[in-house]
Amino acid sequence: MKIQIQLDQKGTEPLVVEMPDHLADGQPFHVTVDGRGYMARWSRVNSVLSLSALDPSKIEHTMIEHSMVEHSIPVRTMRVTRFAGEAEATCDIECFLPAVSGEKSSSSTSSSIKAAAAKFIPGMGAASGSAENGGSKNKRKDKGLRSPVLRSQITGKVLSISATEGTVVEEGTLLLVIEAMKMENRILAPARVKITSVTVKVGASVSSGDELLRLEASPPA
Amino acid sequence: MATSRFKRVLIANRGEIAVRVIRALKELGIQSVAVYSDADESSMHVRLADMAIRLPGRLSTDTYLNVPALVAAIKTSGADAVHPGYGFLSENAEFAEAVAAAGAKFIGPSPAAMRLMGDKIAAKTLMKKTGVPVVPGSDQPLESPEEIKSIAGQIGYPLILKAAAGGGGRGMRVVRRDDEIAPALTACQREALAWFGNPAVFCERYIERPRHIEIQVLFDEHGNGVHLFERDCSIQRRHQKLVEEAPSPFLNQAQRDTLGATAVKAAKAAGYSNAGTIEFICDSPEKIYFMEMNTRIQVEHPVTESITGVDLIRQQILVACGEKLPFTQKDIVLRGCAMELRINAEDPAKGFAPAPGRVAQLVFPAGPNVRIDSHMYPGYTIPSEYDSMVAKMIVTGATREEVMARAQRCLAELQVSGVPTTAKFHEALLQHPAFIKGDVTTKFLEEEQSWFDAFFERNSASNLGSDAAAILAAIGFMMTSDATPSQKEKASKEVGSRWADAARFAALRNFRS
């Protein structure tokens, strides 16, 4: 199974990961990333990936041998968001990547992985950036909108709505406020956009992934 | 003495503090009664308590802030005492009186002392009289933006608006200009009502770069009282504490003793009994002002327990039974250093956005001098109705340096899969040069925002690990393809209802007995 991964990092090209069709818990499997070969084991119950890089001359290898060093990559949290009817999933992962030789103990600081994942379809363009996110600080290359739907990132209650149907607002304009866990969360315009419709009402309860507004990109005049 | 102890205590709270109180009750051989909202039916405190009573509804105002419903629960359960925990009704004198009227003892100070110290305005007036220095501000609750404007005219900007019945950092707003007053007042009043059930707001001068130091006190009902040293709670975000430690690296032993003695004097002046905390705001070790007294147990009480060996919740219960304190000031010895890291279901890389959700997997750190207070379990769904704090990690050691290394090690062992947490933030904090030196103010996070942003950026998957990152993302993708969301949801709901059934069964069983 080929999966295309776009890491949310400046200047990175999408990577094609070739995985087995099924993952057996804790069992070794062979995987390639853009042709680089690895032996891996994924323990779902323990949330840990063991990884050994294969010599380029034997990327077809399918055994974990006594002579290989397996690097343990414990995962603290893994959240995968995939909305119904959408091919692309957003992955948020915190894990402890192996130390570079010469560095201090690897376990001191976690690494965050933010990625968009989709089934690889030959000839299709890159899976582009992460899912839409009004609050994200990470500036994507493409500031436009991929999806016309602004979804709630949190579960909570709509406290107020400032967005008006048919208006054009600048990036960072307050669209609505959602109260969750006793905090007011201000949802801002992700770019200069036109509000095409307002889906929710004041006082409504929303879950993570629910549609809040529909937007369309509105390039500066 | 033991014959006069409580038989059955109702905990008018939820989450980790309800669990903490139940644990103390079990160790004392006292029965515990949990109350739970419809959002909390599968919560840990329901499982641990001897019996449980449902509070219909999901919102705090319908449940944990609903005095008539709680009074009914006291009567139904036959509880002879109530522990209020922190937040909710813990500092509400009317509730304490309602508990007494229902024939149960409120585990806390007298309603009169609560009313005096809980009313931030009256407390300041008393402290002024007692000779404790206070921050300049309003002497009355404020209702209109014009009143605030006139105070600003007298003492100048910036000002801070606070819920008069508040505490715990909730319901506060800083105001720097005339045009900020009206929206800040509205928001503050709404939060005050949502969190404390009372919209009254007052204001005082806002000290720009203070340290927050508080003294734990404990008094019995016979006039004996001690302080248990200070806690430094300067690491805050929007007035919400994230890390607390003791002792404060800011004070020397002489300053510590002086501040402790001042706190005991202040509590005595208020006719205080049970556990309480006097909060001070410091410009410098010489310029320390009384800020407020919290007339309840605090979130960060385990820090003090760790450095003194005193079980504060146990003592709260025994003191409320009428027992005398089993120690005097000279018995309270400061040993080593402790730090509490609050694990909140929030995403520190997205401005600490709250992130309720299902905790698919959960592993807590362990090992020497590590304590976890939490109500989470694997499969637990964090509700969106309540506070985002889901665990407290308390580490102890001989020196601050040892504690920081231990905290770092523990964070790497922590696994909370399914929701982002402040663990990521704590990792960064423990590497910040100013925090390592202990040189921070409550402004620290705001001022160092760009340092933290850069840290998070730097620690997103490095190029070296990008293949590993891609493999993990691919695994994540395959795991969601395995089960459709609707199937997953169903599975978690089934688990939830079994818990609820068990809770209801437990409640029924106790009705009959």
Side-chain angles (χ1 to χ4, degrees), chain A residues 1 3 5 7-9 12 15 17 19 23 31 33-34 36 38 40 42 44-45 47 49 51 71 73-80 82 84 89 91-98 100 107-115 117-118 133 135-137 153-156 180-185 208, chain B residues 60 170 187 191 194-195 238 345-346 349-351 353-357 360-361 363 384-388 408-409 411-421 423-424 427-428 431 453 456-457 459-481 485:
Chain A
M1 174 182 209
I3 299 165
I5 304 294
L7 295 172
D8 192 19
Q9 263 180 288
T12 56
L15 298 165
V17 182
M19 297 279 287
L23 290 178
V31 56
V33 182
D34 278 2
R36 295 179 290 277
Y38 295 88
W42 167 246
R44 185 174 185 156
V45 284
S47 276
L49 173 69
L51 202 59
H71 293 284
I73 304 171
V75 175
R76 179 194 279 147
T77 187
M78 182 183 270
R79 283 170 290 139
V80 186
R82 192 173 178 183
C91 307
D92 281 284
I93 299 165
E94 269 173 50
C95 65
F96 295 85
L97 292 170
V100 191
S107 62
S108 57
T109 309
S110 63
S111 296
S112 294
I113 299 167
K114 220 174 148 34
N133 172 9
S136 176
K137 285 215 148 192
Q153 301 275 317
I154 51 178
T155 300
M181 295 179 142
K182 300 281 165 199
M183 283 182 267
E184 292 181 8
N185 297 276
S208 182
Chain B
S60 298
R170 301 284 176 173
E191 281 183 21
W195 198 252
R238 287 205 210 138
E346 295 170 9
K350 277 190 202 159
Q361 284 175 314
V363 178
S384 63
E385 283 84 356
Y386 315 110
D387 194 73
S388 59
Q408 187 85 260
R409 186 270 291 171
L411 287 169
E413 283 182 30
L414 177 71
Q415 184 194 331
V416 187
S417 201
V419 293
T421 65
K424 183 86 203 159
E427 279 176 4
Q431 291 179 49
D453 286 345
F456 294 142
E457 184 83 10
N459 281 281
S460 54
S462 62
N463 280 334
L464 185 98
S466 65
D467 281 4
I471 294 171
L472 277 170
I475 290 169
F477 178 76
M478 286 181 73
M479 280 167 55
T480 46
S481 319

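Computed from a prediction, not measured in an experiment: that's the story for all the values here. The sequence lines fix the lettering, A, B, ..., with proteins before strands; numbering per chain opens at 1.
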### Region of A/Met78 in contact with chain B, defined by heavy-atom distances below 4.5 Å
both
### Message
Working to the nearest 0.5 angstrom, can you tell me the gap between A/Leu49 CG and B/Ile475 CD1?
### Response
4.5 Å
### Query
Where is the tightest heavy-atom contact between B/Ala474 and A/Ile3, given as atom of each residue plus distance?
O-CD1, 3.8 Å
### Query
With a 4.5 angstrom heavy-atom cut-off, which part of B/Ala360 approaches chain A: side chain, backbone, both or neither?
neither
### Task
List in chain and number order the residues that pass side-chain hydrogen bond (donor to acceptor under 3.5 Å, both in side chains) with B/Gln361, two or more places apart in sequence or in another chain; answer none if no residue qualifies.
A/Ser47, B/Gln415
### Message
If we define contacts as heavy-atom pairs under 4.5 Å, which of A/Asp92, A/Val45, A/Asp34 has the most with chain B?
### Response
A/Val45
### Message
For A/Arg79 versus B/Gly418, what's the shortest heavy-atom pair and its separation?
### Response
CG-O, 3.0 Å
### Query
Minimum heavy-atom separation for A/Ala117 to B/Ala473, with atom names?
CB-O, 4.4 Å
### Task
I would like to know whether B/Thr421 and A/Thr77 meet side chain to side chain contact (heavy atoms under 4.5 Å, CB included); could you show each step before the answer?
CA-CA 9 Å; B/Thr421 65; A/Thr77 187; over 6 Å; no
### Summary
Whatever's closer than 4.5 Å to a heavy atom in chain A on B/Glu413 counts as neither
### Message
If I compare all heavy atoms of A/Leu7 with all of B/Ala470, which pair ends up nearest, and what's the gap?
### Response
CD2-N, 4.5 Å
### Task
Considering only heavy atoms and a distance below 4.5 Å, find which of A/Ile73, A/Val75, A/Ile154 pairs most often with chain B.
A/Val75
### Query
Just how far is it from atom CD1 of A/Ile5 to atom OG of B/Ser466, taken to the nearest 0.5 Å?
11.5 Å
#### Entry: Non-hydrogen atoms of A/Arg76 and B/Leu414 that approach each other most closely
CG-O, 3.1 Å
## Note on the structure
d(B/Met479 CE, A/Trp42 CH2) to nearest 0.5 Å is 5.5 Å
### Query
What distance do B/Arg238 atom CZ and A/Met183 atom CE have between them, rounded to the nearest 0.5 Å?
7.5 Å
### Task
Taking all heavy atoms of B/Ala355 and all of A/Met181, pick out the closest pair and write down the distance.
N-SD, 4.2 Å
#### Entry: Rounded distance [0.5 Å steps], CG in A/Leu97 versus CG in B/Asp467
11.0 Å
### Query
Distance from A/Glu94 atom CD to B/Leu472 atom CG, nearest 0.5 Å?
12.5 Å
#### Entry: B/Ala423 portion near chain A, given a 4.5 angstrom heavy-atom threshold
both
### Message
Less than 4.5 Å to any heavy atom of chain B: does that hold for the side chain of A/Asn185, its backbone, both, or neither?
### Response
side chain
